[in-house]
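Right, one structure below, let's go through it.
Whatever order the structure lists them in is the order used to number ligands and atoms, beginning at 1. Numbers here simply count residues along the sequence, with the first being 1.
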Amino acid sequence: MHYFHCIRESCGATYPLAENIHTCPRCGGLLDVEYTFDREAAAQWPVLWRGRRASLRTLDSSGVWRFRELIPFLSEQESAALAVTLGEGNTPLLESRAAARYAGLDAMRFKHQGFNLTGSFKDNGMTCGVTRARALGMRLVGCVSTGNTSASMAAYASYAGLVPVVFIPRGEIALGKLAQALEYGAVTFQVEANFDQILRLIFRLAESLGLYLLNSVNPFRLEGQKTIMAELLEQCGWREPDWIVLPGGNLGNVSAFGKGLRELRDLGLIRRLPRLAVIQAEGAAPLCRMMESAAAELQPIERPQTLATAIKIGAPVSWPKAVRELRASGGVCVAVSEQEIADAKAVIGRAGIGCEPASAATLAGARKLRAAGVVGPDQDVVAILTGHLLKDPDYILRYHAGELECGGRLLESRLANRPRIVAAEAAALEAALREAAGDRLTASG
Ligand SMILES: *Cc1c(COP(=O)(O)O)cnc(C)c1O
C-alpha cells in the first residue's frame, strides 16, 4: 500500500498516509511518499497518458494529473473530486542552436516550466500540495518563499477557496513574484530576515498558527514536481537524455526529479537514469561545497548572495534527498558566477526563449561542465528553465542599461540591447532602423 517513509537510514520509520505530517515524528528526518505500484500495468501507462492529451476532462488536461498513476496518494475518484488544478504542466521542450553553440554542445534542449500559470515549476508541485491540504480539510495554508512558491501557493489556495499566508524576506524577492502574491490574495508578510531564518521560525510556529505548510519539505509538492520527468521522457519518446541540468536552491526539485526517474526506471519505462547536474550560484552554493569537500553534513552559508533570488538559499532543507539522488544518478553539482548567469540569461533571451535569472544558471552550468570535459559535445543535454522571463523585469532592465550590480560590483552587459530614441519622422526612422538592424539582417541565419 501507500505510506510515508523516513529517508534516514538510522530510522527508516513508516507511517500511514492518513497522518498529517511533513517530517518524521520520531527523528525529524525527511519523508518520502512511497507507493506499491503495479509494475505489469505500468507498461500500458505511456499509451494511457498519451491518450489523455486528447481528452477534454479537467483532470486529464493537467500535465501533472495526466500522470496520476505515478502519484496515487488519492484514489481515482478522490483525485477527480478534490484535485486543485489550473492546467499546470504540459510545457514545451524547446531546442536552441544558439544556446548549444554557447555551451559548446552539438544540440541542447530546454524544458520550460515558465509556461505554467504562475510562471514557474512550483505550479507542478503546488497542485498536489494544495490538493493534499484540501483532502485533509485544512483551511489555512502557508509558506516561506523566495517568491515563486508564494505566487504559486497564493493562486492554487485562492482557487480552492483556502486562505494563503506567505512569508517573504523583505526586499529580497523579484517584483513580479510579490505582485502575484498580492494579486492572488495572499495574506503577505515581509519579514526582516533572510529565507533560511524565516523558514526556521515558521517551522516552529506552523502548528500553533494552524498553518498547513507548503514549503518543499512537504513531500506532496515533490510528488507533483516529479511528473515533470514523466512529461519530459514522454517528449523524448522514452529515450533518456544523458544529462538533466537544473538550478538548485532549497533542492526540492532535484529531489523530486531523482525520485521520479528512479520510479520510472523501476517500473521499466526507462532503462537507465539520466545524470542530474545541479547548478548553484557561487554566493549560495552549500551543496557544491559539500560535494567538493566530501563532507558528511551540509554546512549552511550564513549570508547567501546572488541576484538569482530564487536560489538565494544558504541552508537547503532537502539536501539529504538531493545527495541521495546525485549519488544514484552519477550526478554533479557546480557553482557559476553572477557574470556567467547574466551572460547565459542574455543568450537564452536572444534565442527567443527567455527565463528568470535562476533558470539561466543551467546554461552557464552546462557550458562549464562541457568546458571541463564532464559533459561530452555530442551528449544529449536537457536544461530545465524553472521560471518565466517576466518574473524579474528589474534584473532585465538593469542588464540592458548596463547597470546590473551584485555585491557592489558592476557586471558586464555583453548582450545589452538599449532602446533608441527617434524623432517622429519617416526619414529619421528609416535611417535609424538601417543603422540599428542592418548588421543583424545581413548576419542572419
Ligand atoms: C524554486 C526555484 C528554484 C529552486 O528550486 P529548489 O527546488 O528550491 O532547488 C529555481 N528556480 C526557480 C525559478 C524557482 O522558482
> Can you check salt bridge (Lys or Arg N to Asp or Glu O under 4.0 Å) on E356 and K345, steps first, answer last?
Replying inline: CA-CA 7 Å; E356 69 165 278; K345 179 167 145 59; over 6 Å; no
> Can you check whether F73 and F220 have ring centres sitting under 6.0 Å from each other?
Replying inline: yes
> Would H112 and F121 count as a close aromatic pair, with their ring centres under 6.0 Å?
Replying inline: no
Heavy-atom pairs closer than 4.0 Å: do any link ligand 1 to the side chain of [X], the backbone, both, or neither?
{"X": "I311", "result": "side chain"}
{"X": "E356", "result": "side chain"}
{"X": "N148", "result": "side chain"}

I need the nearest protein heavy-atom contact for [atom]: residue, atom name and distance, please.
{"atom": "atom 5 (O) of ligand 1", "value": "F121 CZ, 3.4 Å"}
{"atom": "atom 12 (C) of ligand 1", "value": "T386 OG1, 3.2 Å"}
{"atom": "atom 7 (O) of ligand 1", "value": "N253 N, 2.8 Å"}

> With no hydrogens and no angle check, is any side-chain donor or acceptor of S208 less than 3.5 Å from a backbone partner on L205?
Replying inline: yes
> Can you tell me if R139 uses its side chain to pair, donor with acceptor, with the backbone of L162 under 3.5 Å?
Replying inline: no
What do you reckon, does [X] have a nitrogen or oxygen under 3.5 Å from a nitrogen or oxygen of ligand 1?
{"X": "Q225", "result": "no"}
{"X": "G249", "result": "yes"}
{"X": "S359", "result": "no"}
{"X": "K122", "result": "yes"}
{"X": "G248", "result": "no"}
{"X": "A358", "result": "no"}

With heavy-atom distances below 4.0 Å as the criterion, list the atoms of ligand 1 near [X].
{"X": "G252", "answer": "6 (P), 7 (O), 9 (O)"}
{"X": "N250", "answer": "6 (P), 8 (O), 9 (O)"}
{"X": "G387", "answer": "13 (C)"}

> With respect to Q113, which candidate in T386, T91, D123, N148 satisfies the side chain to side chain donor-acceptor pair (under 3.5 Å) definition?
Replying inline: T91
>> Which label fits W45 and W49: parallel for a plane angle under 30°, tilted from 30 to 60°, or perpendicular past 60°?
In response: tilted
> Between R109 and D380, is a salt bridge (Lys or Arg N to Asp or Glu O under 4.0 Å) present by the stated rule, with each step listed?
Replying inline: CA-CA 8 Å; R109 289 179 292 176; D380 185 5; 3.1 Å; yes
> Got V323 and M290 here, is their nearest side-chain heavy-atom distance under 4.5 Å?
Replying inline: yes
> Considering the options K321, R262, K259, which one meets the salt bridge (Lys or Arg N to Asp or Glu O under 4.0 Å) requirement together with D32?
Replying inline: K321
